Asks: 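Quick one: this structure, given as structure tokens, is what I'll be asking you about.
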Amino acid sequence: MKNIVILISGRGSNMQAIVNAQIAGAQIAAVISNRPDAGGLAWAAERGIETAVLDHKQFADRESFDLALANLVDSYSPDLLVLAGFMRILTAGFVNRYSNRLINVHPSLLPAFTGLNTHQRAIDEGVKLAGCTVHFVTAELDHGPMIAQAAVPVLDDDTAETLAARILVQEHQLYPQAVAWFVADQLQVVDGKVKLAAQVRADIAVRAPSI
Ligand SMILES: Nc1nc2c(c(=O)[nH]1)N[C@@H](CN(C=O)c1ccc(C(=O)N[C@@H](CCC(=O)O)C(=O)O)cc1)CN2
Ligand SMILES: NCC(=O)N[C@@H]1O[C@H](COP(=O)([O-])[O-])[C@@H](O)[C@H]1O
């Protein structure tokens with residue numbers, strides 16, 4: 001059984017999708033928010049999942065918040081730390097504690113549109129495809145090794161809200177799948193890129209057919 005801790009900042013719809021997926025081999029140890037008013041906290045608590053709040057506004061700086069957050073997270077002995085609508089940029093010190101076991105879902109087709117307001121920026125740029133990316137988190141914002149992506153069309157009459165809603169449907173399918181791959185040890189980071197274990201075996205077979 002792998003322990004999963006999920007960090008949220010708001011409604012937590014991706015957290016809900018992961019919980020509802022009832023992933024074999026996964027146990028949601030806790031849901032933690034940096035915002036006391038995060039709607040996802042009540043949703044998780046109503047389902048018997050342990051919740052906690054660490055209000056970033058109560059800390060003098062990012063480093064002290066991240067240190068307290070790491071101590072809280074580590075109290076649940078996570079095998080995997082999942083960012084699900086978590087809206088704080090994490091320090092290198094925090095990220096490096098969870099190398100290759102810290103993931104995030106970002107609402108764009110990375111490397112396009114890192115940061116915030118991705119939907120409006122995609123519309124403003126006139127792109128015809130948008131989507132979401134699940135990736136390992138590194139110190140450099142939204143630049144970690146990508147695990148999976150899903151694309152949706154951008155329609156002429158899209159608003160940021162309509163595009164966000166279309167992408168969210170894909171997030172709710174993609175993120176639980178990515179978590180399930182991690183829990184089943186199907187993910188490997190090779191030269192900074194993520195390969196599914198089966199694909200890694202296939203790649204080796206192609207390069208060395210004599211094996
Ligand atoms: N070191 C990293 N930290 C985080 C990453 C990452 O890849 N590396 N991913 C983000 C998630 N994210 C986009 O997917 C993201 C979240 C928050 C922000 C941001 O600018 N936050 C502001 C506050 C915004 C707010 O409170 O509404 C801030 O932290 O000052 C950008 C991108 C999670 N962290
Ligand atoms: N940069 C992080 C970011 O923008 N994350 C995005 O927040 C939305 C709400 O998530 P939620 O419904 O799971 O709380 C989701 O679209 C997620 O991709």
Side-chain angles (χ1 to χ4, degrees), residues 4-21 28 31-44 49 51 54-67 69-70 73 81-122 130-152 159-176 178-179 189 192 194:
I4 298 177
V5 171
I6 304 177
L7 303 187
I8 67 172
S9 295
R11 66 191 165 187
S13 72
N14 276 288
M15 173 273 292
Q16 297 177 30
I18 291 167
V19 171
N20 287 336
I28 310 299
V31 172
I32 300 171
S33 177
N34 66 301
R35 292 184 177 275
D37 61 348
L41 291 168
W43 188 94
I49 298 169
T51 62
L54 200 65
D55 186 347
H56 66 277
K57 294 177 181 174
Q58 302 301 314
F59 292 82
D61 53 42
R62 206 176 287 272
E63 286 70 18
S64 58
F65 169 71
D66 280 15
L67 182 58
L69 180 62
V73 165
L81 185 52
V82 174
L83 306 184
F86 183 72
M87 299 306 287
R88 299 298 297 174
I89 297 173
L90 295 161
T91 59
F94 181 95
V95 170
N96 294 337
R97 286 172 77 129
Y98 305 101
S99 179
N100 289 340
R101 60 186 177 110
L102 171 58
I103 62 176
N104 177 56
V105 61
H106 180 77
S108 82
L109 293 175
L110 292 174
F113 306 118
T114 58
L116 297 176
N117 304 315
T118 60
H119 309 105
Q120 189 57 56
R121 289 159 61 201
C132 53
T133 305
V134 179
H135 63 96
F136 284 105
V137 173
T138 57
E140 186 179 1
L141 186 65
D142 301 333
H143 273 77
M146 290 179 268
I147 297 168
Q149 294 187 298
V152 301
T159 63
E161 292 71 26
T162 58
L163 180 56
R166 190 173 309 119
I167 293 172
L168 205 57
V169 171
Q170 298 301 317
E171 292 180 39
H172 294 164
Q173 296 172 24
L174 196 69
Y175 217 178
V179 171
V189 182
V194 178

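Computed from a predicted model, the values in this text were never measured in an experiment. Computation of the quantities below employed the complete heavy-atom set of this structure, encompassing side-chain atoms and omitting hydrogens, waters and symmetry-equivalent molecules. First listed ligand is number 1; within each ligand, the first listed atom is number 1.
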Asks: Tell me which protein heavy atom sits closest to atom 2 (C) of ligand 1, plus the residue, atom name and distance to 0.1 Å.
Replies: Thr138 O, 3.5 Å

Asks: List the closest protein heavy-atom neighbour of atom 3 (N) of ligand 1: residue, atom name, distance to the nearest 0.1 Å.
Replies: Leu90 N, 3.0 Å

Asks: Enumerate the atoms of ligand 1 whose separation from the nearest heavy atom of Val137 is less than 4.0 angstrom.
Replies: 2 (C), 6 (C), 7 (O), 8 (N)

Asks: Give the atom numbers and elements of ligand 1 that come within less than 4.0 Å of a heavy atom of His135.
Replies: 7 (O)

Asks: So for His143, does at least one of its heavy atoms come nearer than 4.0 angstrom to any atom of ligand 1?
Replies: no

Asks: Can you report which non-hydrogen protein atom sits closest to atom 7 (O) of ligand 2, along with the distance?
Replies: Gly85 CA, 3.9 Å

Asks: Would you say Asn104 has any N or O atom under 3.5 Å from an N or O of ligand 2, going by distance alone?
Replies: no

Asks: Among all protein heavy atoms, pick out the one at the shortest distance from atom 13 (O) of ligand 2; state its residue, atom name and that distance to 0.1 Å.
Replies: Asn14 N, 2.9 Å

Asks: Any idea which part of Leu168 is under 4.0 Å from ligand 2, heavy-atom wise: side chain, backbone, both or neither?
Replies: side chain

Asks: Under 4.0 Å from a heavy atom of Leu83: give me the atoms of ligand 1 that qualify, with their elements.
Replies: 33 (C)

Asks: Which residue from His119, His106, His172 reaches closest to atom 1 (N) of ligand 2 through any of its heavy atoms?
Replies: His106

Asks: Between the side chain of His143 and the main-chain N/O of Leu141, is any donor-acceptor distance below 3.5 Å?
Replies: yes

Asks: Taking Leu116's backbone N and O only, do any of them form a donor-acceptor pair with Arg121's side chain (distance below 3.5 Å, no angle check)?
Replies: yes

Asks: Does ligand 2 come near enough to Gly12 that some N or O of the ligand is less than 3.5 Å from an N or O of the residue?
Replies: yes

Asks: Which residue owns the protein heavy atom closest to atom 12 (N) of ligand 1, what's the atom, and how far is it?
Replies: Asp142 OD1, 3.8 Å

Asks: Is there a heavy atom of Gly144 sitting under 4.0 angstrom from any atom of ligand 1?
Replies: no

Asks: With a cut-off of 4.0 Å, which atoms of ligand 1 are near a heavy atom of Val95?
Replies: 1 (N)

Asks: Indicate yes or no for a side-chain donor-acceptor contact from Thr118 to the backbone of Phe113 under 3.5 Å, with no hydrogens or angles considered.
Replies: no

Asks: Taking Asp66 for the side chain and Thr91 for the main chain, is one N or O donor matched with an acceptor at less than 3.5 Å?
Replies: yes

Asks: Do me a favour and list the nearest non-hydrogen protein atom to atom 5 (C) of ligand 1 with residue, atom name and distance?
Replies: Leu141 CD1, 3.5 Å

Asks: For the backbone of Ile89 and the side chain of Arg62, can you confirm whether one donor and one acceptor N or O come within less than 3.5 Å of each other?
Replies: yes

Asks: Specify the protein heavy atom at minimum distance from atom 11 (C) of ligand 1: its residue, its atom name, and the distance to 0.1 Å.
Replies: Asn104 ND2, 3.6 Å

Asks: Going through the distances and angles, do Asn104 and Phe86 end up as a side chain to side chain contact (heavy atoms under 4.5 Å, CB included)?
Replies: CA-CA 8 Å; Asn104 177 56; Phe86 183 72; 5.8 Å; no

Asks: Check for a donor-acceptor pair, side chain of Gln149 on one end and backbone N or O of Leu110 on the other, with a separation under 3.5 Å.
Replies: yes

Asks: Just which atoms of ligand 1 are under 4.0 Å from any heavy atom in Ala139?
Replies: 1 (N)

Asks: Which ligand 1 atoms does Phe86 reach within 4.0 Å, using its non-hydrogen atoms?
Replies: 11 (C), 16 (C), 33 (C)

Asks: How far is atom 27 (O) of ligand 1 from the closest protein heavy atom, and which atom is that?
Replies: Arg35 NH2, 4.1 Å

Asks: About how many Å separate CE of Met15 and CG of Asn20, when rounded to the nearest 0.5 Å?
Replies: 9.0 Å

Asks: Closer than 4.0 Å to some heavy atom of Val105 - which atoms of ligand 2 meet that?
Replies: 5 (N), 18 (O)

Asks: Considering only the protein, which heavy-atom contact is closest to atom 34 (N) of ligand 1, and what is its distance?
Replies: Arg88 O, 2.8 Å

Asks: Would you kindly say whether Ser64 and Asp61 are connected by a side-chain donor-acceptor distance under 3.5 Å?
Replies: yes

Asks: I would like to know whether Val152 and Leu163 meet side chain to side chain contact (heavy atoms under 4.5 Å, CB included); could you show each step before the answer?
Replies: CA-CA 9 Å; Val152 301; Leu163 180 56; 4.1 Å; yes

Asks: For the side chain of His106 and the backbone of Pro111, is there at least one donor-acceptor N/O pair under 3.5 Å apart?
Replies: no

Asks: Set out, in order, the CA-CA distance, both residues' side-chain angles and the distance that settles side chain to side chain contact (heavy atoms under 4.5 Å, CB included) for Ile4 and Val82, then state yes or no.
Replies: CA-CA 7 Å; Ile4 298 177; Val82 174; 3.7 Å; yes

Asks: Has Thr51 got a side-chain atom pairing as donor or acceptor with Val31's backbone, closer than 3.5 angstrom?
Replies: no

Asks: When you measure from the side chain of Glu63 to the backbone N and O of Gly93, does any donor-acceptor pair fall under 3.5 Å?
Replies: no

Asks: Donor-acceptor pair, distance only, cut-off 3.5 Å: does the side chain of Ser33 make one with the backbone of Ile8?
Replies: yes

Asks: Using heavy atoms and a 4.0 Å limit, tell me yes or no: is Thr91 in contact with ligand 1?
Replies: no

Asks: Quick one: nearest non-hydrogen protein atom to atom 9 (C) of ligand 2, plus distance?
Replies: Arg11 NH2, 3.4 Å

Asks: Name the closest protein heavy atom to atom 2 (C) of ligand 2, giving the residue it belongs to and the distance to 0.1 Å.
Replies: Met87 SD, 3.7 Å

Asks: So which protein heavy atom does atom 15 (C) of ligand 2 come closest to, and at what separation?
Replies: Glu171 OE1, 3.2 Å

Asks: Report the nearest protein non-hydrogen atom to atom 24 (C) of ligand 1: residue, atom name, distance rounded to 0.1 Å.
Replies: Met87 O, 3.6 Å

Asks: In terms of atom number and element, which parts of ligand 1 are under 4.0 angstrom from non-hydrogen atoms of Arg62?
Replies: 28 (C), 29 (O), 30 (O)

Asks: Identify which one of Leu54, Val73, Asn34 satisfies the side chain to side chain contact (heavy atoms under 4.5 Å, CB included) criterion when paired with Leu7.
Replies: Val73

